[in-house]
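We name chains A, B, ... by the order of the sequence lines, and we start the count at 1 in each one.
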Amino acid sequence: MSDLDEAYQLDYFEEEGFHRQECASCGDMFWSRVERETCGEPPCAEYDFIDNPGFDESHSLTEMREAFLSFFEERDHERIEPYPVAANRWRDDVLLTQASIYDFQPLVTSGTTPPPANPLCISQPCIRMQDIDNVGKTGRHTMAFEMMAHHAFNAREDIEDPEQYAYEGEVYWKDETVRYCDELFEEMGANLDEIVYIEDPWVGGGNAGPAIEVIYRGAELATLVFMSMEQDPDGEYEMKDGNRYSPMDTYIVDTGYGLERWTWMSQGTPTVYEAVYPDMIAFLKDNAGIELTDEEERIVHEAAKLAGRMDIDEAEDIEAERDTIAAEVGVEVAEMRELMAPLEDIYAIADHCRTLAYMLGDGIVPSNVGTGYLARMVLRRTKRLVDGVGVDAPLDELVDMQAERLDYENRDTIRDIVRTEVEKYRETLDRGGRRVRQLADEYAEKGEPIPTAELVELYDSHGIQPDMVEEIAAEKGVSVDVPDDFYAVVAQRHGGDDTATEESQMPYEDRLAELPETDRLYYEDQQRTEFEAVVLEVFDRDDGDFDVVLDQTMFYPEGGGQPPDQGTLSTDDVSAEVTDVQQYGDVIVHTCDDDPGKGEFVRGQVDATRRQRLMQHHTATHIVIHSARQVLGEHVRQAGAQKGTDSARIDISHYESVSREEVKEIERLANDIVQDNIAVTQEWPDRNEAEERYGFDLYQGGIPAGEQIRLITVGDDVQACGGTHVARTGDIGAVKLLNTERIQDGVIRLTFAAGNAAIEATQRTEDALTEAADILDVAPDAVPETAERFFDEWKARGKEIEQLKEQLAEARASGGGDSEKVDVGEATAVLQRIDADMDELRAQANAIVEQGNIAVLGSGLDGAQFVVSVPDGVDVDAGEVVGELAGHVGGGGGGPPDFAQGGGPDADALDDALDDAPEILRTVANV
RNA sequence: GGGCCCAUAGCUCAGCGGGAGAGCGCCGCCUUUGCAAGGCGGAGGCCCUGGGUUCAAAUCCCAGUGGGUCCA
C-alpha cells in the first residue's frame with residue numbers, strides 16, 4: 001500500500017520556493033510560499049476579503065467569466081460552449097450537470113470519443129441540489145453556479161496499443177496546471193504569498209486521483225483534480241472511500257474555478273449573492289419592503305463576514321454557531337435572526353430563480369419523475385420563500401429576470417411553464433388545506449393530536465408539508481405529532497430495495513468478440529432488400545433455432561426503437577426464416593429457424609413490406625416530433641419512442657395536455673412535410689463538428705459513441721439516428737395521429753400511423769362511426785347530435801319509469817291485488833308476490849309502510865328476492881325476517897331493522913317461503 | 001422506473017356490502033321598504049369504464065382510463 005504523498009511533490013512547488021506544512025487546526029497538508037499556522041479554509045480561518053477585495057479590480061459575473069476564458073485562450077486552450085444543465089440528455093447515470101467534467105463523461109474520459117478540443121476551457125452552468133439547505137444562510141453557497149474550468153486529456157504512450165484511445169500523448173499535467181492557477185491569480189492582482197494549495201485526494205464516479213484545493217483569503221476558489229486512477233480491487237492505492245484504485249491509461253486534468261466565488265473575491269461584498277445578482281437582490285429587498293437602519297446594516301454586515309463558518313454539513317450545530325456569531329457581533333441571537341432571516345430568504349430566492357431559469361431554459365419540464373421532479377421541488381420551494389418573505393411579484397417574472405440575464409431565447413415558454421406550475425401548486429395547496437382542515441376538525445372533536453401516520457399519509461400521498469399541517473391544526477386548536485425523524489419515517493414507507501435489472505447475457509459472448517465487424521449494408525442503400533453474404537459462424541440456440549453471423553447484411557438489427565427486420569437466408573439447399581436480428585458490439589446476429597451452414601454462400605431477402613412500413617414510421621417519427629416542436633414549443637423533446645408496422649409512438653416532454661386543436665395542427669404540419677416530398681439524407685460527420693453545428697437537440701433518442709455519428713436530415717430537422725429511412729418524405733404517403741395520452745406528468749405519448757397503416761387506421765375509425773350511424777339509422781355526421789338526443793331521452797325515460805313504479809306501487813298498496821293480510825300482534829302485515837325488480841319492490845314496500853303496515857314482498861323475477869319493511873313503532877326486526885325467508889330459497893339477506901332485502905337462487909321455493917311468512921313474522925315479533 | 005392516494009349533484013365532499021346524501025351554488029314561493037340574511041319547496045346523479053365475487057356492489061377484488069403525490 002502506498003499513499004499519494006509523492007504525487008504532490010511538484011517541480012513547480014520547488015522552483016517557486018513553496019513549503020509543505022500541516023494545518024494546526026485540521027491537520028491537512030498544504031503548500032504555500034510563506035509559513036503559516038493554518039490551511040486558511042473555514043472553519044480553520046475566516047473570510048479575509050469582505051470589504052477588502054482580493055483582486056485589483058472589481059468584476060461583474062460576465063467580466064470575470066470573460067477574464068478567465070480569455071486567459072486560457074491566450075494559453076492555447078480552445079473555448080467551448082457550455083453544455084445543458086440537464087446532464088441526463090447525454091448520460092443516464094446522473095440527472096443534472098454538477099461539474100464541467102460531467103460534459104466529458106463517460107465517453108471522453110474513457111478515451112472512446114475525442115474531446116471537442118484539447119486542451120479546452122469552458123464555463124459550465126451547474127446545479128447542485130445537495131447544497132439547497134445552505135443557500136442563503138452561509139453567504140457562499142449557491143445551488144446554481146458556473147464552474148469555470150480548463151481540461152487536458154492525456155493518454156499514456158508507454159502502453160501496448162496507444163492508438164486504441166481517441167487521443168494520444170500528454171498535453172500537460174500537474175506542474176502546468178498549478179502554474180496556470182498561480183498565473184491567473186497574478187493576473188487578477190492577487191497576493192501570491194496568501195495562496196494555499198491543500199492536498200485533498202479526489203474520488204468520484206469510479207475514478208480517483210490526487211487533487212489540490214486552492215484557498216485564498218479564506219475562500220476556496222478552485223479545485224485542481226488530476227484524474228488518473230480507476231477503481232480496481234487489486235489496485236495499489238486505497239482512497240478515502242475505502243476502495244482500491246490503480247492507474248489508468250488516460251489521465252485527465254480536471255479543474256474547477258467557481259465563477260461566483262471569483263466574482264465575489266473581486267468585489268468583497270458581504271455575501272456572494274450581492275456580488276452575483278446585485279440588481280435582483282435590490283429588487284427583491286425593495287419589493288418585500290426590507291429597509292435597514294445603519295446599525296442594522298452594521299450587524300448584518302458583521303454577521304455575514306462570520307457566516308462562512310455555518311455549513312449545515314460541517315458546523316456541528318448551526319444554532320450554536322449562530323450564538324457565537326451573535327455574541328461576536330454584539331447582539332442578541334433572536335434579534336440577529338430576525339434581521340437575517342428575510343435576507344437569507346431573498347438570497348435563496350435569487351439563486352433558486354437562476355436555478356429554475358437554467359433548468360427550464362435547457363428544456364426540463366416539471367414532472368413527477370426525473371429532472372422534472374427536481375425542477376418542481378425547486379419551484380415550489382421558491383414559491384414558499386417568495387410568499388413567506390412577502391415578495392408580491394409573480395414567480396414567472398422573477399424567473400424571467402434570471403432567464404433574461406442568462407440570454408435564453410425561450411423566455412415565453414419558461415414563463416408559461418412557471419405559471420402553469422404555480423397554478424398546479426396552488427391547487428395542490430388548496431386541496432391539501434381542505435383535507436387538513438377536515439382532519440383537524442375530526443381530531444379536535446376527539447380531543448387528540450393528529451397522529452404521525454396521518455401526517456405521513458398527508459405528505460406522501462398528498463404532498464402536504466408537516467409545517468403546513470401544524471399551522472392549520474393550530475388554528476383549530478389541535479396539536480400535531482411531528483417526529484424528529486419524519487422524513488426517515490416517510491422513507492421507510494417506501495422501503496424495499498429496487499431489484500437490479502439483469503442484463504441479458506449472450507451465452508457465446510467470447511466467441512462473438514472474436515468475429516469481425518459485420519458490414520452494415522442497410523446504411524449503404526436503405527431501399528435495397530436483397531444481398532449475398534458468407535456465413536461466418538452458426539451458433540446452436542437452446543430453443544432449437546440458430547444464430548447466424550454473416551460477413552455483411554442488409555438486415556437491420558433492433559435498435560433506436562425500430563424493430564428488427566425479418567426475411568430469409570437461402571442457399572441452394574436451405575431456406576431459413578430470419579425471425580430476429582440483434583447487434584452485439586459490432587457483430588450482427590440473425591436468429592433463423594434453420595442452419596444455412598458455416599462457410600456457405602447465402603442469398604438474403606429482407607421482408608420488403610415490413611421494412612417499408614418500419615421505415616415509413618421511422619421517418620414519420622422524425623417529422624412528427626419536428627411538427628410537435630413547431631406547435632407546442634422548443635422544449636418538446638423525445639422521451640422515448642417505439643416504431644412498429646401498424647403504428648408508432650413517441651413520448652415527448654410537454655407541460656400540459658395536448659388539445660384537439662394542437663393535435664390537428666401537428667398532423668397538418670406533418671402532412672405538409674410529407675407532401676413537400678423532401679429528400680431524406682444521411683451523413684456521417686465528425687461528432688464534435690456536428691454538435692457544434694446543431695447543438696444537443698441532435699440527440700433525441702440517446703447519444704451514440706464513436707468519432708463519427710450518423711445524422712438524418714429531413715428538411716429543417718436534423719437528428720442523430722441509426723435507423724433506416726425512406727428516401728423522400730413523399731414515400732410516407734400520409735401521417736395520421738391516432739391518440740395522445742399523458743403517460744406521466746410532463747410527458748405526452750403521441751401514437752400515430754404512417755403510409756398504408758395510416759389509411760388502415762382511418763378506416764377502422766370510420767368503420768366504428770359508420771356502424772354507430774347504422775345503429776342510430778342516421779348519417780355519420782349526425783351521430784353526435786343523435787347520440788346526445790338519445791342519451792337525454794334515455795335519462796328522461798329512466799325518471800319517468802321511476803315515477804311510474806312509485807305510482808304503481810301506491811295503486812297496488814291501496815287496490816289490494818293478490819295480497820294477503822296477516823295480523824302480527826298489534827300490527828298488520830301485507831304479504832305479496834310481485835315479480836318485479838328490486839327498485840319496484842322497494843317502492844311497493846314504501847307505499848305499504850306509509851299506510852302503517854308491515855310489507856313482506858317476494859319476487860321470482862331473478863332467482864327469489866325479498867323486501868321486508870316495517871313502519872316506525874312496530875317492534876319487528878326486518879333483517880331477521882328476511883334472513884329467515886332467504887334461508888328457504890338457499891340464500892341470505894339483511895339490512896337495518898326497518899328495511900331489509902335478501903334473496904336466493906331457488907325461485908321455486910319462493911311461494912313456500914311466503915306461505916311460511918306469517919309464522920316467521922309472529923316468531924320474530926314474539927307474539 | 002417504483003410506492004401511495006383519489007374518482008359520487010354545477011363546486012367541495014360524506015357514505016364504504018342492503019333504501020344515493022350534506023354544504024355551497026341554481027330555480028320557485030314565503031318573510032323583509034330594500035339589502036344582508038332567514039324559512040319552505042324543487043330541479044339536478046351511466047356513484048369514471050369494463051370484468052369478477054355475492055341473494056344483493058357506489059361500497060369488496062381484478063384490469064383499464066383520468067388526476068394527485070412521494071421517492072430514486
Side-chain angles (χ1 to χ4, degrees), chain A residues 88 92-95 129 367-374 376-377 380 424-425 427-435 437-439 441-442 453-465 486-501 639-640 656-657 739-745 747 790-792 794-799 802 806 837-846 849 855 858-870 878-879 882-883 885-907 909-910 913:
Chain A
N88 62 340
D92 54 14
D93 55 336
V94 291
L95 295 175
M129 298 283 290
S367 163
N368 61 333
V369 293
T371 48
Y373 181 63
L374 300 181
R376 172 166 290 170
M377 286 302 99
R380 292 186 174 188
K424 277 190 186 176
Y425 186 42
E427 279 169 21
T428 295
L429 289 182
D430 279 358
R431 244 193 320 272
R434 282 195 299 267
R435 214 178 179 92
R437 263 181 280 279
Q438 206 174 314
L439 206 64
D441 282 339
E442 195 182 307
E454 295 278 14
L455 223 52
V456 171
E457 166 81 12
L458 283 170
Y459 177 71
D460 202 25
S461 298
H462 305 287
I464 304 160
Q465 249 84 9
F486 177 76
Y487 291 96
V489 176
V490 174
Q492 203 177 13
R493 198 167 124 122
H494 290 273
D497 35 343
D498 17 351
T499 46
T501 46
E656 54 192 2
S657 53
N739 188 36
T740 66
E741 61 183 314
R742 215 196 57 147
I743 56 168
Q744 50 182 240
D745 215 5
V747 181
F790 276 33
F791 188 59
D792 286 345
W794 174 79
K795 284 197 284 191
R797 266 170 220 193
K799 279 175 219 164
E802 195 74 16
E806 272 168 41
D837 63 26
M838 263 315 191
D839 281 344
E840 212 169 318
L841 255 55
R842 276 199 292 265
Q844 178 80 10
N846 285 339
V849 165
S859 162
L861 198 64
D862 180 20
Q865 290 179 306
F866 302 101
V867 170
V868 174
S869 190
V870 180
V882 164
L885 287 169
H888 282 67
V889 293
D898 63 330
F899 187 97
Q901 322 167 38
D906 189 2
L910 176 63

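- Using Watson-Crick or G-U wobble geometry with both donor-acceptor distances under 3.5 Å, B/G1 finds its partner in B/C71.
- A gap of 9 Å separates the C1' atoms of B/G17 and B/U54, to the nearest Å.
- Only the C1' atoms considered, B/C47 is 14 Å distant from B/C6, to the nearest whole Å.
- Taking atom C1' on both B/U31 and B/G39, the two are 7 Å apart, rounded to the nearest angstrom.
- Rounded to whole Å, the distance from CG on A/Asn739 to P on B/U65 is 10 Å.
- Nearest to the side-chain atoms of A/Gln865 among the listed nucleotides B/G1, B/C55, B/C70 stands B/C55.
- Between B/C61 and B/G1, the distance separating the two C1' atoms is 26 Å to the nearest Å.
- Of the candidates B/U65, B/G19, B/G1, B/U65 carries the atom nearest the A/Glu741 side chain, counting heavy atoms from C-beta on.
- Rounded to whole angstrom, the span from the CZ atom of A/Phe899 across to the P atom of B/A56 amounts to 16 Å.
- Put simply, CD on A/Gln465 is 12 Å from P on B/U69, counting in whole angstrom units.
- A/Asp898 comes within 4.0 angstrom of a base, heavy atoms only.
- Using a 4.0 Å heavy-atom distance criterion, A/Gly904 is classed as a sugar-phosphate-only contact.
- Using a 4.0 Å heavy-atom distance criterion, A/Gly463 is classed as a sugar-phosphate-only contact.
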* **Protein-to-nucleotide contact annotation, 5' to 3' order, nucleotides 41-46 of chain B [B base; S sugar-phosphate only; - none; under 4.0 Å, heavy atom]** => ---SSB
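- Not one side-chain nitrogen or oxygen of A/Ser461 sits closer than 4.0 Å to the OP1 or OP2 atom of B/G3.
- In the set B/C70, B/G19, B/C4, the nucleotide with an atom closest to the side chain of A/Glu457 is B/C4.
- Between A/Arg742 and the phosphate of B/G67, there is a side-chain N or O to OP1/OP2 separation shorter than 4.0 Å.
- Nucleotide B/A72 holds its C1' atom 17 Å from the OH atom of A/Tyr487, rounded to whole Å.
- Of the candidates B/C5, B/G18, B/C55, B/G18 carries the atom nearest the A/Gln901 side chain, counting heavy atoms from C-beta on.
- Of the candidates B/G1, B/C70, B/A20, B/G1 carries the atom nearest the A/Gln744 side chain, counting heavy atoms from C-beta on.
- Across all strands shown, nothing is found opposite B/A36 as a Watson-Crick or G-U wobble partner with both distances under 3.5 Å.
- Across all strands, A/Gly798 comes closer than 4.0 Å to no nucleic acid atom at all (heavy-atom distances).
- Using a 4.0 Å heavy-atom criterion, one finds that A/Asp839 contacts no nucleic acid atom at all.
- Rounded to an integer number of Å, the gap from A/Met377 CE to B/C70 P is 4 Å.
- Within the 4.0 angstrom heavy-atom criterion, no nucleotide atom of any strand lies near A/Val882.
- A/Arg376 has a side-chain polar atom (N or O) that falls below the 4.0 Å cut-off from OP1 or OP2 of B/U69.
- Regarding contacts with the backbone of B/C13, a side-chain N or O of A/Arg434 is found under 4.0 angstrom from either OP1 or OP2.
- Taking side-chain N and O atoms only, A/Gln438 has a distance below 4.0 Å to OP1 or OP2 of B/A14.
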